Amino acid sequence: MNKIDIIIPTYNRTDYLERILDYYSVSGKNFNFIIADSSRPENKANNKKLVRTYSRLNILYVDKFSQSLSQHLKFAEMVKYAKSKYVCFCADDDFIVPNGINSCIDFLEKHNDYSAAHGTYIGFHLYKNLLARKRFLWTFRYFNKSIASSSPIERLVSHLSDFTLVLWAVRRTDIVKTCYKEFSKTKIDPHLLIILGELLPDCLTAVYGKIKKLDTLYAARQYFGSIAHDFASLIDAKHTGTYDQEYDKFKSCLINNLIKLDNTPRDKMGIMINSAMEVYNRFSYQEHIMNKVYFTLRHYPKF
């Protein structure tokens, strides 16, 4: 029985979907795949035909998602289809390396106090010059660290203060479902869903278990498909007056889950989260500004 469901969200990019399925057709036969399609009707029809050609892979194709559904609300719906012990998300233009996935599963099988595991990420760009000659350019991306404290509040503070990406990691399915169930209940304003919709489930993953960063190649993420430069930062939201109410929802959700596991007084939890969030805001704002500059100059990052 396969131990992991790889959930691939796709949106109007049949060529990328074909590319990732080609990749896994060689070395992904021990995985289950859930294709979550929110494309236009004509693209859904093409994608459905495409998926049928990969009959050697164990694929569940789900096309019920609306084009207008926010990405992170879509993630919350996607995990409901996961039935294996572990789950990971893989964007249709990225690659999660099979050897990396297997290493993470092996680690989690031996360490029940860990909720997630991943490894080294690279970013890549397929560059074509004026003569149509192609080059594969890459660089290291993200510098995640393990979070190994036995204290849920300390893990959360570590996650926010020294941000560790968890969205694409191998995670325990029961924990992921809990995280997205709690996230869905907060009903965050759509204006901030792009940021808090990713951050809150990641934070809850740290609350419910330790996070391991393995010394292995784990994922290749494609540049120049990102929308990181198009949405407002949390500091921008502070200036427009939309931050406080949504942050209160975010913090209340974290505290309500922390008190199930941690004896730290509620008011002290709030102070610790506020302090860590200020660090996160400063870091994410600097990254947000640099993204705007790099994408404007069209050489983000230096490969």
Side-chain angles (χ1 to χ4, degrees), residues 1-102 104-105 116 118 121 124 126 165-177 179-181 183-184 193-194 197-198 201 218-222 225-227:
M1 181 178 177
N2 296 341
K3 291 184 177 180
I4 188 166
D5 293 330
I6 300 178
I7 300 179
I8 303 176
T10 190
Y11 177 72
N12 294 326
R13 301 199 292 195
T14 300
D15 53 343
Y16 284 151
L17 180 60
E18 183 175 13
R19 185 179 72 176
I20 189 65
L21 292 178
D22 273 345
Y23 175 71
Y24 284 122
S25 69
V26 177
S27 54
K29 297 180 181 64
N30 294 325
F31 307 142
N32 301 320
F33 297 90
I34 301 172
I35 309 297
D37 196 349
S38 55
S39 304
R40 292 188 295 269
E42 62 273 20
N43 287 331
K44 282 184 177 178
N46 291 333
N47 290 343
K48 198 167 187 175
K49 292 177 183 176
L50 173 67
V51 168
R52 289 197 193 106
T53 67
Y54 292 91
S55 57
R56 296 178 65 188
L57 294 176
N58 185 17
I59 300 176
L60 172 64
Y61 174 74
V62 185
D63 63 356
K64 59 167 280 185
F65 304 102
S66 166
Q67 294 180 64
S68 60
L69 184 65
S70 169
Q71 178 183 9
H72 296 292
L73 292 177
K74 180 180 175 183
F75 283 178
E77 290 298 313
M78 290 189 298
V79 298
K80 295 177 182 178
Y81 293 89
K83 299 188 183 302
S84 299
K85 187 175 181 179
Y86 302 104
V87 65
C88 74
F89 296 126
C90 177
D92 59 5
D93 58 342
D94 296 339
F95 301 92
I96 309 294
V97 180
N99 286 342
I101 293 172
N102 289 328
C104 291
I105 292 173
H118 53 172
Y121 295 76
F124 72 90
L126 301 175
L165 183 79
V166 182
L167 177 62
W168 311 108
V170 173
R171 290 184 276 182
R172 298 185 189 277
T173 300
D174 56 344
I175 289 179
V176 175
K177 288 187 175 184
C179 293
Y180 276 97
K181 182 178 179 181
F183 155 72
S184 296
L193 255 179
I194 297 174
E198 176 178 320
Y218 178 73
R221 308 220 57 222
Q222 185 163 0
S226 175
I227 59 168

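Computed from a prediction, not measured in an experiment: that's the story for all the values here. Throughout, residue positions are numbered sequentially from 1 according to the sequence presented. What's counted below: heavy atoms across the whole structure, side chains too, no hydrogens, waters or symmetry copies.
Side-chain atoms of Arg19 come within 3.5 Å of backbone atoms of Asp93 as a donor-acceptor pair (strictly under, hydrogens ignored). Side-chain atoms of Lys85 do not come within 3.5 Å of backbone N or O of Ile105 as any donor-acceptor pair. Judged by distance alone, the side chain of Thr173 and the main-chain N or O of Tyr86 form a donor-acceptor pair under 3.5 Å.
The CD1 atom of Ile59 lies 10.5 Å from the CG atom of Asn32; values are rounded to the nearest 0.5 Å. The distance from atom CZ of Arg40 to atom CG of Asn46, rounded to the nearest 0.5 Å, is 10.5 Å. In this structure, Phe65 CZ and Gln71 CD are separated by 12.5 Å, a value rounded to the nearest 0.5 Å. Rounding to the nearest 0.5 Å gives a distance of 12.0 Å between NZ of Lys64 and NZ of Lys74. One distance of note links OG of Ser39 with CG of Asp63; it measures 9.5 Å at 0.5 Å rounding. Atom CG in Leu73 sits 11.0 Å away from atom OG in Ser66 (nearest 0.5 Å).
Ring geometry, Phe75 versus Trp168: the interplanar angle exceeds 60°, so the pair is classed perpendicular (tilted spans 30 to 60°). Ring geometry for Tyr24 against Phe33 counts as tilted: the plane angle lies between 30° and 60°, on a 0 to 90° scale.
Minimum heavy-atom separation, Pro98 to Tyr23: CD-OH, 3.1 Å. Residues Asp94 and Ile20 approach most closely at O-CD1, 3.0 Å, considering heavy atoms. Minimum interatomic distance between Val97 and Ala219 (heavy atoms only, all atoms of both residues): CG2-N, 4.2 Å. Minimum heavy-atom separation, Pro9 to Met78: CB-SD, 3.8 Å. When all heavy atoms are compared, the tightest approach of Ala116 to Arg171 is CB-CG, 3.5 Å. For Val79 against Ile7, the heavy-atom pair with the smallest separation is CA-CD1, 4.1 Å.
Judged by distance alone, the side chains of Tyr54 and Asp22 do bring a donor and an acceptor atom under 3.5 Å apart.
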* **Test log, rule side-chain contact (heavy atoms from CB on, under 4.5 Å), inputs Phe95 and Gln222** => CA-CA 9 Å; Phe95 301 92; Gln222 185 163 0; 5.9 Å; no
* To do: Could you walk me through whether Asp5 and Ser84 pass the side chain to side chain donor-acceptor pair (under 3.5 Å) test, one step at a time?
  => CA-CA 6 Å; Asp5 293 330; Ser84 299; 2.8 Å; yes
* To do: Please step through side-chain contact (heavy atoms from CB on, under 4.5 Å) for the pair Val87 and Tyr81, ending with a clear verdict.
  => CA-CA 10 Å; Val87 65; Tyr81 293 89; over 6 Å; no
* **Asp37 and Thr10: CA distance, side-chain angles, deciding distance, side chain to side chain donor-acceptor pair (under 3.5 Å) verdict** => CA-CA 5 Å; Asp37 196 349; Thr10 190; 5.2 Å; no
* To do: Please test Cys90 against Ile96 for side-chain contact (heavy atoms from CB on, under 4.5 Å), starting from the C-alpha separation and ending with a verdict.
  => CA-CA 6 Å; Cys90 177; Ile96 309 294; 3.6 Å; yes
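Using a 4.0 Å cut-off between charged nitrogen and carboxylate oxygen, Glu77 and Lys80 count as a salt-bridge pair. We find that Arg13 and Asp92 are joined by a salt bridge, their nearest charged nitrogen and carboxylate oxygen being less than 4.0 Å apart.
In this structure, the side chain to side chain contact (heavy atoms under 4.5 Å, CB included) partners of Asp174, at least two apart in sequence or on a different chain, are Arg172.
Residue Lys48 qualifies as open at atom NZ: its count of foreign heavy atoms under 6.0 Å is 12 or below.
Between Ser70 and Leu193 the shortest side-chain heavy-atom distance falls below 4.5 Å. Contact of the Asn47 side chain with the Tyr61 side chain is registered, since non-hydrogen atoms from C-beta on lie closer than 4.5 Å.
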